[in-house]
Number of protein chains: 2
Amino acid sequence: MTTDPLRKHVEAAGDLFDPACPTRRLLDRIGTKWVSMVVKLLAEAAPGEIRFAELQRRMPGVSQKMLSVTLRNLTGDGLVARRVEPTVPPRVYYRLTELGLSLEVPLAALRAWAEAHMAEIDHGRPDNH
Amino acid sequence: MTTDPLRKHVEAAGDLFDPACPTRRLLDRIGTKWVSMVVKLLAEAAPGEIRFAELQRRMPGVSQKMLSVTLRNLTGDGLVARRVEPTVPPRVYYRLTELGLSLEVPLAALRAWAEAHMAEIDHGRPDNH
DNA sequence: CGGTATCCGTAAGGATACTG
DNA sequence: CAGTATCCTTACGGATACCG
């Protein structure tokens with residue numbers, strides 16, 4: 001083991017089974033439906049951008065707050081880039097970064113699985129508690 | 001549209017962007033860290049089984065309640081099979097079903113992504129709010 | 001051993017109103 | 001337009017105690 005603080009994240013490198021590892025939090029963060037939807041829309045548009053209002057329009061049921069929070073988290077994580085056009089009223093454009101685009105791959109697989117087996121699973125439990 | 005019940009799941013097929021579609025709830029359900037860990041452990045042991053206590057021991061930080069809830073949900077969704085040995089004290093064994101095993105594929109990809117990019121993301125935000 | 005039941009603090013998330 | 005701020009209600013999740 002080393003005491004070099006710069007290598008701390010290397011030693012702690014992705015071990016989901018380490019309670020102290022941020023991977024756990026990260027997994028819970030990217031596994032949500034809102035992240036899945038935002039990333040899909042932005043991935044389809046890539047390398048183009050989508051404005052806030054259009055994202056909201058294409059994500060039925062999302063509140064302004066949740067979309068805002070989701071985009072802020074993704075931006076903070078470096079998965080989404082935010083560009084503001086200083087007009088009045090202002091226009092804000094979002095696009096995926098390289099990192100965000102790389103997330104779309106496993107995320108699309110998970111989405112596909114969920115969509116494919118939804119009926120099979122829902123059939124067995126009419127009681128959606 | 002058809003009235004063939006066998007094609008029902010095709011018509012109702014997973015549309016994540018439909019607010020009424022159970023796919024949304026399903027995605028939020030399977031995207032958690034506990035599900036990810038349980039499925040990974042059971043997939044490694046497949047087609048073998050793992051007992052409750054061993055699962056808990058190999059998932060540091062999980063509470064008895066959360067493991068219980070997670071397993072009950074997975075069992076209810078048909079992803080995990082539960083077998084009780086009526087001894088005293090009783091022994092309960094869990095294993096993945098075929099469906100559960102199929103989930104491991106996309107889930108492993110998502111885990112791998114999270115573990116691979118954890119440092120990269122965490123580096124940008126020392127403030128883990 | 002493998003749960004369930006209960007309590008409780010925290011966080012998620014919707015609704016509404018307001019701002020640059 | 002694209003937010004932020006506030007309030008409020010529900011869900012998540014840990015701690016503890018109890019049961020078959």
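Just so it is clear: chains get the letters A, B, ... in the order the sequence lines come, proteins before strands, and each one is counted from 1.
A/Met59 is listed as a side-chain neighbour of A/Trp34, based on a closest heavy-atom distance under 4.5 Å. Between A/Leu101 and A/Thr97, every side-chain heavy-atom pair lies at or beyond the 4.5 Å cut-off. Residues A/Leu110 and B/Leu103 are in side-chain contact: their nearest non-hydrogen atoms beyond the backbone lie under 4.5 Å apart. Between B/Thr70 and B/Thr32 there is no side-chain heavy-atom pair separated by less than 4.5 Å. In this structure, the side chains of B/Met37 and A/Leu16 come closer than 4.5 Å at one or more pairs of heavy atoms. A/Val62 places a side-chain heavy atom less than 4.5 Å from the side chain of A/Gln56. Side-chain contact between A/Arg83 and A/Val92: absent, with no pair of heavy atoms (C-beta onward) separated by less than 4.5 Å. Within the 4.5 Å cutoff, no side-chain heavy atoms of A/Val39 are placed close to those of A/Leu79.
Taking 4.0 angstrom as the limit, A/Arg25 places none of its side-chain polar atoms (N or O) nearer than this to OP1 or OP2 of C/dA11. One finds no side-chain N or O of A/Arg82 lying less than 4.0 angstrom from the OP1 or OP2 phosphate oxygen of D/dA2. Residue B/Arg72 has no polar side-chain atom (N or O) positioned under 4.0 Å from OP1 or OP2 of C/dG3. The side chain of B/Ser68 contributes no N or O atom lying less than 4.0 Å from OP1 or OP2 of C/dG2.
The environment of CD in B/Glu54 is crowded: more than 12 heavy-atom neighbours from other residues, nucleotides or ligands sit within 6.0 Å. Heavy atoms from other residues, nucleotides or ligands lying under 6.0 Å from CZ of B/Arg91 number 12 at most.
With sequence neighbours left out, the side-chain hydrogen bond (donor to acceptor under 3.5 Å, both in side chains) criterion links B/Glu44 to B/Lys40.
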Quiz prompt | Working for salt bridge (charged side-chain N to carboxylate O under 4.0 Å, His left out), residues B/Glu104 and B/Arg111 | solution = CA-CA 10 Å; B/Glu104 163 64 0; B/Arg111 267 199 322 265; 3.0 Å; yes
Quiz item: Which parts of nucleotides 5-18 of chain D does protein reach within less than 4.0 Å, heavy atoms only, written one letter per nucleotide 5' to 3' as B for base, S for sugar-phosphate only and - for none?
Solution: --------BBB---
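Residue pairs meeting the ring pair (Phe, Tyr, Trp, His ring centres under 6.0 Å) criterion with at least one partner in residues 64-119 of chain B, sequence neighbours excluded, are B/Trp113-B/His117.
Each end of the helix from C/dC1-D/dG20 to C/dG20-D/dC1 gets its own rotation axis from five pairs of C1' atoms, and the angle between them is 50° to the nearest 10 degrees.
Less than 4.0 Å separates DNA chain D from at least one heavy atom of each of the following residues of residues 37-59 of chain A: A/Arg51, A/Phe52, A/Ala53. Residues of residues 83-95 of chain A having a heavy atom closer than 4.0 Å to DNA chain C, listed by number: A/Pro90.
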